[in-house]
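Worksheet: the structure to be examined is printed underneath.
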Amino acid sequence: SIPIVVIAVGDLAAAGLVADFAHPGGNTTGNTILGPDVVTKRLQVLRDAIPTVSRLTLLWNPNNVSSGAMLDELWRTTPFFGMSLTPLEARTADDFPKALAAMASNRPDAVLMTNDSLHQMHIAEVIDFLLKNRIPGMFQLRRNVVDGGLMSYGTSLPDLFRRGARYVDKILHGARPGELPIEQPVSFGLVINLKTARAIGVDIPATVLARADEVIE
């Protein structure tokens, strides 16, 4: 019966925590980091930035329902871009060395990351691997690019937290959580780390840099 406001989570409906985004029901509401067609847009940005990309690897956690939903969307979308996809699992901390070793032996053109909490705990290890092996990485979170990843395309976490606070205010003033739709992101940002691009030998086109919301040099 205690109201729950979730912030920047994945697919609550797929996880069985709400009925659907429009009518959550129960005592849970809030917002999701997932937006409409975000996987397609992320692939388009990657193709525009590195036109030669064709072999993708997704590092994902099968224990995370939202990561599974992202993988399903990638299976549907990559053929339209003429790309192939190799998923690599990392369910626990012990899985990362094996996953990175597989990545090194079957080198992809680019690696996609999720915002899975376990993976974010090991993000420094992943970014260091990508830098040493000169492999471009596409991330969901800006902070991963600040930490040395090549680029990210996603929504603003601070904005989602501010919007979550408004839901708390509505509930404290009598609104029922189950009647408040789960909000999806309305704006997305492209962040590029130009220092990383130079380090791994990637030449980002000027047209893509001009579209970026932030370029880290």
Side-chain angles (χ1 to χ4, degrees), residues 1-42 58-76 87 89-96 99 112-127 138-147 149 152-191 213-214:
S1 62
I2 298 173
I4 298 172
V5 176
V6 300
I7 298 174
V9 298
D11 193 336
L12 289 168
L17 299 175
V18 300
D20 57 55
F21 280 12
H23 306 284
N27 63 331
T28 301
T29 188
N31 58 54
T32 172
I33 201 169
L34 302 176
D37 301 322
V38 66
V39 170
T40 301
K41 293 174 183 176
R42 194 169 283 128
L58 172 69
L59 189 60
W60 74 300
N61 183 356
N63 294 334
N64 186 320
V65 174
S66 295
S67 294
M70 180 178 176
L71 175 59
D72 290 342
E73 186 65 21
L74 281 168
W75 282 128
R76 288 191 293 269
E89 297 183 3
R91 296 174 184 264
T92 69
D94 294 338
D95 292 332
F96 281 88
L112 301 175
M113 291 290 300
T114 73
N115 68 327
D116 175 78
S117 57
L118 171 68
H119 289 201
Q120 289 301 311
M121 290 172 61
H122 294 268
I123 200 67
E125 178 183 356
V126 175
I127 290 174
M138 167 62 87
F139 301 83
Q140 286 186 271
L141 305 179
R142 172 189 177 273
R143 67 170 180 255
N144 297 158
V145 182
V146 173
D147 291 338
S152 67
Y153 182 79
T155 193
S156 165
L157 287 183
D159 179 59
L160 292 181
F161 274 86
R162 285 190 290 268
R163 288 163 58 187
R166 290 197 291 268
Y167 265 30
V168 172
D169 180 68
K170 290 179 180 178
I171 291 170
L172 292 177
H173 284 85
R176 295 181 179 179
E179 297 175 357
L180 296 174
I182 302 291
E183 288 189 321
Q184 291 182 280
V186 295
S187 62
F188 294 84
L190 171 61
V191 182
D213 298 272
E214 182 179 0

Handout entry: Neighbour count above 12 (heavy atom, 6.0 Å) for R91 CZ
Key = yes
Practice task
Compare every heavy atom of D11 with every heavy atom of S66, then report the nearest pair and how far apart it is.
Solution key: OG-N, 2.5 Å
Problem - Criterion side chain to side chain contact (heavy atoms under 4.5 Å, CB included) against T114, the qualifying member of N61, L58, N64 - result: L58
Exercise for the section: Output the distance between atom CD (Q140) and atom CD (Q120), rounded to the nearest 0.5 Å. Expected result: 8.5 Å
Completion exercise
Rounded to the nearest 0.5 angstrom, the OH-CD1 distance for Y167 and I4 is 15.0 Å
Problem - Nearest heavy-atom neighbours spanning L34 and Q184 - result: O-NE2, 3.5 Å
Handout entry: Validation row: L17, T28 side chains within 4.5 angstrom (heavy atoms)
Key = no
Handout entry: Any donor-acceptor N/O pair, D213 side chain to L190 backbone, under 3.5 Å
Key = yes
Practice task
Compare every heavy atom of P24 with every heavy atom of I182, then report the nearest pair and how far apart it is.
Solution key: CG1-CG, 3.9 Å
Fill in the blank from the handout: In terms of heavy-atom contacts, R42 and Y153 come closest through NH2-O, 2.6 Å
Handout entry: Closest non-hydrogen atom pair, A14 against V65
Key = CB-CG1, 3.5 Å
Handout entry: Residue pair D116, W60: steps toward the side chain to side chain contact (heavy atoms under 4.5 Å, CB included) verdict
Key = CA-CA 8 Å; D116 175 78; W60 74 300; over 6 Å; no
Fill in the blank from the handout: So CG of N27 and CD1 of I2: to nearest 0.5 Å the spacing works out to 8.5 Å
Exercise for the section: Evaluate the side-chain proximity of R143 to I123: yes if any heavy-atom separation is below 4.5 Å, no if none is. Expected result: no
Practice task
Calculate, to the nearest 0.5 Å, the distance between atoms OG and CG belonging to S67 and D72 respectively.
Solution key: 11.0 Å
Exercise for the section: Show your working on side chain to side chain contact (heavy atoms under 4.5 Å, CB included) between V145 and V191 and close with a plain yes or no. Expected result: CA-CA 7 Å; V145 182; V191 182; 3.8 Å; yes
Handout entry: Sub-4.5 Å side-chain heavy-atom contact between V18 and T29
Key = no
Practice task
Keeping the roles fixed (side chain from H119, backbone from A90), state whether a donor-acceptor pair exists under 3.5 Å.
Solution key: yes
Practice task
Say whether, by atom type as modelled, one donor and one acceptor occur between the side chain of N31 and the main chain of L160 under 3.5 angstrom.
Solution key: yes
Problem - Pair R163 + D159, salt bridge at N-O below 4.0 Å - result: yes
Exercise for the section: Report yes or no: does E73 contribute a side-chain atom to a donor-acceptor pair with the main-chain N or O of V39 at less than 3.5 Å? Expected result: no
Practice task
Please tell me if the side chains of L180 and I171 come closer than 4.5 Å, counting only heavy atoms from C-beta onward.
Solution key: yes
Handout entry: S152 side, atom OG; M113 side, atom CE - distance, nearest 0.5 Å
Key = 12.5 Å
Handout entry: N/O donor-acceptor pair under 3.5 Å between T32 side chain and V9 backbone
Key = yes
Fill in the blank from the handout: Taken to the nearest 0.5 Å, the spacing of E183 CD from R166 CZ works out to 6.5 Å
Handout entry: Heavy-atom pair with the smallest gap, counting every atom of A13 and F21
Key = N-CE1, 4.0 Å
